[in-house]
Amino acid sequence: MTRPRCDQTAAWGALGQHFESKGGRLDLREAFRSDADRFEALSQQAPHVFADLSKNLVDTATQALLLDMARECRLEDHRDAMFAGEPINNTEQRAVKHWLLRVPKGASRDADAAEVHATLDAMLAYAEQVRGDTAITDIVNIGIGGSDLGPQMAVAALAEFVLPGKRFHFVSNVDGHELAGVLRQLQPQSTLFLIASKTFTTIETMTNARSARAWFEGQGGTDVARHFAALTTNVAAAREFGIATTFGFWDWVGGRYSMWSAIGLPIAIAIGAAGFRQLLAGAHEMDRHFATAPLASNLPVRLGLLDLWYRNFHGFTSRSIAPYHSALRRLPAYLQQLEMESNGKRVDAQGGLLSMATSPVLWGEPGTNGQHAYFQMLHQGTDVVPVEFIAVKQALHDLPGHHSQLLANVLAQAQALMSGKATEGGHKHFPGNRPSTFFLLERLDPSSLGALLALYEHRVFVSGSLWGINSFDQWGVELGKVLAKDIAPRLDSGDVSGLDASTAGLLRRLYR
Ligand code: F6P
């Protein structure tokens with residue numbers, strides 16, 4: 001199915017004209033003054049997530065043209081093709097069905113649904129068994145990228161729901177300092193290693209897994225079957241490695257979309273089977289919203305359209321994620337992989353060179369920390385960086401005063417970015433009119449986290465779809481892997497033949 005790319009639509013040209021004529025000069029303060037309903041019109045309640053888009057640089061005409069563009073690009077057809085299980089990951093000839101992992105039992109006619117639920121039931125039964133096994137105190141997830149960031153982010157985010165008495169460690173880097181630091185805290189008889197790798201070939205993960213097993217045996221550990229489990233699509237390779245307990249998943253789950261699969265086992269051990277099912281259910285509610293809501297009131301669609309407006313017309317190069325909840329501290333890193341690995345592409349799905357910019361840089365830290373570090377640049381720097389605030393209404397601690405301070409700060413930052421301060425010139429001048437989106441969760445729990453993450457997934461789908469790219473492959477990670485394979489033996493031999501002068505010079509310095 002070839003669909004028009006955004007830059008091939010009539011709306012694209014109209015958006016360019018609108019940007020030049022007035023859409024690019026919208027003043028938020030003026031927009032609020034002239035439209036008493038702006039907040040109502042530009043905010044919406046989606047499942048578990050309230051979103052205020054009113055502090056964004058859009059007017060009615062911009063929104064109408066963006067929606068025209070989505071229609072011309074046949075965004076809904078593409079979305080429906082994903083939910084129908086068509087092989088929309090065309091460069092790998094794969095379907096894209098991470099959403100199927102979240103469909104309740106019996107609610108899908110998809111051919112893989114029964115297997116999904118059989119695996120989920122088995123994995124959750126295992127999670128409950130580990131939770132009940134008081135001899136196991138430490139769970140070590142060894143994985144990288146999508147086999148690390150999701151579980152690590154979610155276990156931190158749901159800390160208030162984590163079973164006391166279990167400690168969770170995440171080892172991803174091939175840098176042995178990381179694994180060595182974790183191993184120092186462990187006893188083999190009380191440790192469970194989860195080797196998480198979709199392919200079971202990733203060099204970092206395999207190196208760490210081999211070292212973990214050597215440490216386990218070296219420390220007198222016995223019963224590898226009890227102390228190691230594998231989460232992978234390549235069950236045969238895991239068995240060959242010597243791991244008997246395996247939980248599989250499928251090639252139609254992309255690595256960065258895999259925390260809903262067996263890769264989520266650390267989350268399930270941490271928050272229990274019921275909690276994991278709530279996480280899936282929250283995401284499923286957002287899936288249904290994305291699949292069924294009209295474009296104009298479809299939150300992932302509205303966000304994805306805004307992303308194009310900012311990237312391709314305003315030319316903003318980055319977006320800052322500011323979760324005002326310390327438990328969401330790994331969310332920016334998780335979203336970096338989700339968005340930048342999905343949409344950091346320079347050719348369309350057919351391989352044609354793109355003439356417009358794609359993925360922005362995503363970055364951020366939890367508030368209020370960021371305020372005392374880089375917010376200076378957000379308020380007074382030369383670049384405009386749209387900010388995404390994520391606030392949570394209810395606190396799950398009872399320390400007095402903290403939560404109202406936190407909420408006052410997140411509101412104040414969004415307000416300051418927009419309002420600015422014109423009364424004083426020079427160093428004390430705040431230009432204002434700096435855009436932000438404000439997400440509000442009632443509380444941070446498994447269901448709302450699931451919904452928030454699915455919202456981001458679908459928003460990335462929307463922008464990728466309009467850009468005409470395949471958001472589900474990642475060829476750009478391959479070259480470095482191949483070159484590292486060539487360089488590794490040279491560090492032992494000192495052979496620099498055929499290398500460029502810089503790499504050769506550095507290698508000579510590193511050669512022992
Ligand atoms: O190198 C990138 C990547 O393939 C990611 O897409 C993936 O999440 C990560 O490596 C880990 O891959 P695996 O789960 O196969 O070990």
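Values reported hereafter were calculated over all heavy atoms of this structure, with side chains retained and with hydrogens, waters and symmetry mates removed. Atoms within a ligand are numbered from 1 in the order they appear, just like the ligands themselves.
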Taking only residues at least two apart or on different chains, which pairs with a member in residues 108-132 satisfy side chain to side chain donor-acceptor pair (under 3.5 Å)? Lys97-Asp110, Lys97-Asp112, Lys105-Asp121, Asp112-Trp252, Glu115-Trp250, Asp121-Arg277
Candidate pair Phe216 and Phe228, rule ring-ring contact (aromatic ring centres under 6.0 Å, His included), full reasoning: CA-CA 10 Å; Phe216 179 79; Phe228 282 77; 5.5 Å; yes
Apply ring-ring contact (aromatic ring centres under 6.0 Å, His included) to Trp309 and list each qualifying residue two or more places apart in sequence or on a separate chain. Phe19, Phe313, His314
Return each pair, listed once, that meets side chain to side chain donor-acceptor pair (under 3.5 Å) where at least one residue sits in residues 162-174; pairs must be two or more places apart or across chains. Asp138-Arg167, Asp138-His169
Donor-acceptor pair, side chain of Ser463 and main chain of Gly304, under 3.5 angstrom: no
Show your working on side-chain hydrogen bond (donor to acceptor under 3.5 Å, both in side chains) between Asn234 and Thr232 and close with a plain yes or no. CA-CA 5 Å; Asn234 191 353; Thr232 183; 5.6 Å; no
List the protein residues in contact with ligand 1, where contact means a heavy-atom separation under 4.0 angstrom. Ile144, Gly145, Gly146, Ser147, Ser197, Lys198, Thr199, Thr202, Gly255, Gln337, Glu341, Gln474, Val477, Lys481
